[in-house]
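Notes to accompany the following structure.
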There are 2 protein chains.
Amino acid sequence: MAYNLFIYDDNDRLRHTLEALLTEASGFVVKTSFGNCDHAIEQIRENYPDLIIMDINMPGMGGINGVTLIKELFPEIKIVMHTVFEDDEKIFNSLCAGADGYLLKSTNPLKFVQSLHELMEGGASMSPFIAQRVLHFFRESKKVNHQFSLTKRELEVLTWLVKGHSYKMIAGECSVTIDTVKKHLQNIYHKLHVSCATEAVAKAIMHKIILLD
Amino acid sequence: MAYNLFIYDDNDRLRHTLEALLTEASGFVVKTSFGNCDHAIEQIRENYPDLIIMDINMPGMGGINGVTLIKELFPEIKIVMHTVFEDDEKIFNSLCAGADGYLLKSTNPLKFVQSLHELMEGGASMSPFIAQRVLHFFRESKKVNHQFSLTKRELEVLTWLVKGHSYKMIAGECSVTIDTVKKHLQNIYHKLHVSCATEAVAKAIMHKIILLD
DNA sequence: AGCGGTATTACCCAAATGTGTAATTGCCTG
DNA sequence: CAGGCAATTACACATTTGGGTAATACCGCT
């Protein structure tokens, strides 16, 4: 049983190449293909596909917005991005919009079909280069900042502050007087180059000075 | 020219299977294989590999700590995780530790070798299931929370608060009196189920109610 | 033994924050 | 058109926050 497939790509030649590649023998049937995805919703309602191959750079709303729209109404339809673009911004936005895969147009036909199958079986699929960018982003996101050289006590006080405790409650938690807490906070504000509790909390979270649940 | 390869895995049978698979014909040479990575640094110094296949669940320090250690000293050596584990925690920690790929032990031999080659050519490599988990994480990270039903004005006020502005400053930004700001904040606190500014800021950032730079 | 950094406490005082109550206006929807 | 919700302002009051200044104590290092 072959999977039904839509193609959105404004490059006619490439669309026809894909149609030639994705024959019944490959396990896919290209139901229809379009040069833009401005009317994707109606087209999907009319002829419900299992999988959509989506170009990014198209006239009209463009592929990324298309993904957002389609996934909102049909989250179960798989969508794989298929473009020449390798820039982080487009990758990130596509994946966040809900794309289930991201294959570069340079992918060889055999691997392309194989990737689509993996995708239909519940996995996700990315070209190695894309995967590498995604992992890079991952690593960056975990780097903890130690550049503010807070003392152990200051870190403790700041942690309670971020959790929403008042000076008085922090004093209780740390078994010190409220004046001590005030002093610590004052020092913390100086070290973080901020001037109030809310700003300190924002900076502490964004710079991962304190670790969250 | 074949790539030099290390294997760290405490399962002897599997290690030998891999050694049999990764012959010169495959483009790899298994230099040595070990049952744990506690002495990885010395072993690497002694016989510098291009690529390391790393199990996670090993006696001693375990694969994830091993990756951290190795990548700190030899960031250019590729490391691919190779385990039966599919839980988000292990995936996330491995990738953040600096792993260049994550292949499940269920991967078929042909794809396994192919993936290693993709990795050596600068790409990253993940089993489809892993890729799917990573993308899932990605999406979650961008999903803006609308579940608190803040009004447009409340969102505006909250944004300024997160940026560290005082009530008075917010009043100026929004061209309203300070009492109005106080009222808005009061309503915001109720909607977010918090009781003070710091808690609101923490919740706003963590739940991505407001978008950061 | 003495120096420097951290931790601690205290006090004063100005400013900001948070709560309660109440009233007015405008806009949208049923 | 009426009712509900959002936005706005006002005032009073208690509490919290944040800054400045100063002193004591502990701990590690030279």
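With distances taken from any side-chain atom of Glu154(B) to the nucleotides dA7(D), dT16(D), dA10(D), the minimum falls on dA7(D). Comparing dT17(D), dT6(C), dT8(D) against the side chain of His184(B) picks out dT8(D) as the nearest. The Gln186(A) side chain lies nearest to dG20(D) when the options are dA7(C), dG20(C), dG20(D). The Thr177(B) side chain lies nearest to dT9(D) when the options are dT6(C), dT9(D), dT17(C). Considering only the side chain of Arg153(A), dA7(C) comes nearest among dT16(D), dA6(D), dA7(C).
Per the geometry, NZ belonging to Lys183(B) stands 14 Å off C1' belonging to dC5(D), to the nearest Å. Separating the CD atom of Glu199(A) from the P atom of dA16(C) is a distance of 15 Å, rounded to the nearest angstrom. Atom CE in Met169(A) sits about 14 Å away from atom C1' in dT15(D), given to the nearest Å. Regarding His190(A), its NE2 atom lies at a distance of 17 Å from the P atom of dG5(C), rounded to whole Å. Here dA7(D) presents its C1' atom at 12 Å from CD1 of Ile188(B), a figure rounded to the nearest Å. In this entry the distance linking NZ of Lys152(A) with C1' of dT6(C) reads 11 Å, nearest Å. At whole-Å resolution of the value, CG in Asp179(A) and P in dT24(D) are 16 Å apart. For Ile178(B) and dT17(C), the CD1 to P distance is 7 Å, given to the nearest whole Å.
A side-chain donor-acceptor contact under 3.5 Å links Thr159(A) to the backbone of Leu155(A). Within the 3.5 Å criterion, the main-chain N or O of Ile64(A) finds no donor-acceptor partner in the side chain of Asn93(A).
Checking the phosphate oxygens (OP1, OP2) of dA7(D), a side-chain nitrogen or oxygen of Thr151(B) falls inside 4.0 Å.
Comparing Leu185(A) and Thr180(B) along DNA chain D, the residue whose closest nucleotide (by nearest heavy atom) sits nearer the 5' end is Thr180(B). When the nearest nucleotides of DNA chain C are assigned to Ser175(A) and Tyr189(B) by heavy-atom distance, the more 5′-ward of the two goes with Ser175(A).
By the 30° and 60° cut-offs, the orientation of the rings of Tyr48(A) relative to Phe74(A) is perpendicular.
Not a single donor-acceptor pair, N or O on each side, falls under 3.5 Å between the base of dT9(D) and the side chain of Lys182(B).
The ring of Tyr102(B) has its center no closer than 6.0 angstrom to the ring center of His82(B). Residues Phe34(A) and His39(A) keep their aromatic ring centres 6.0 Å or farther apart.
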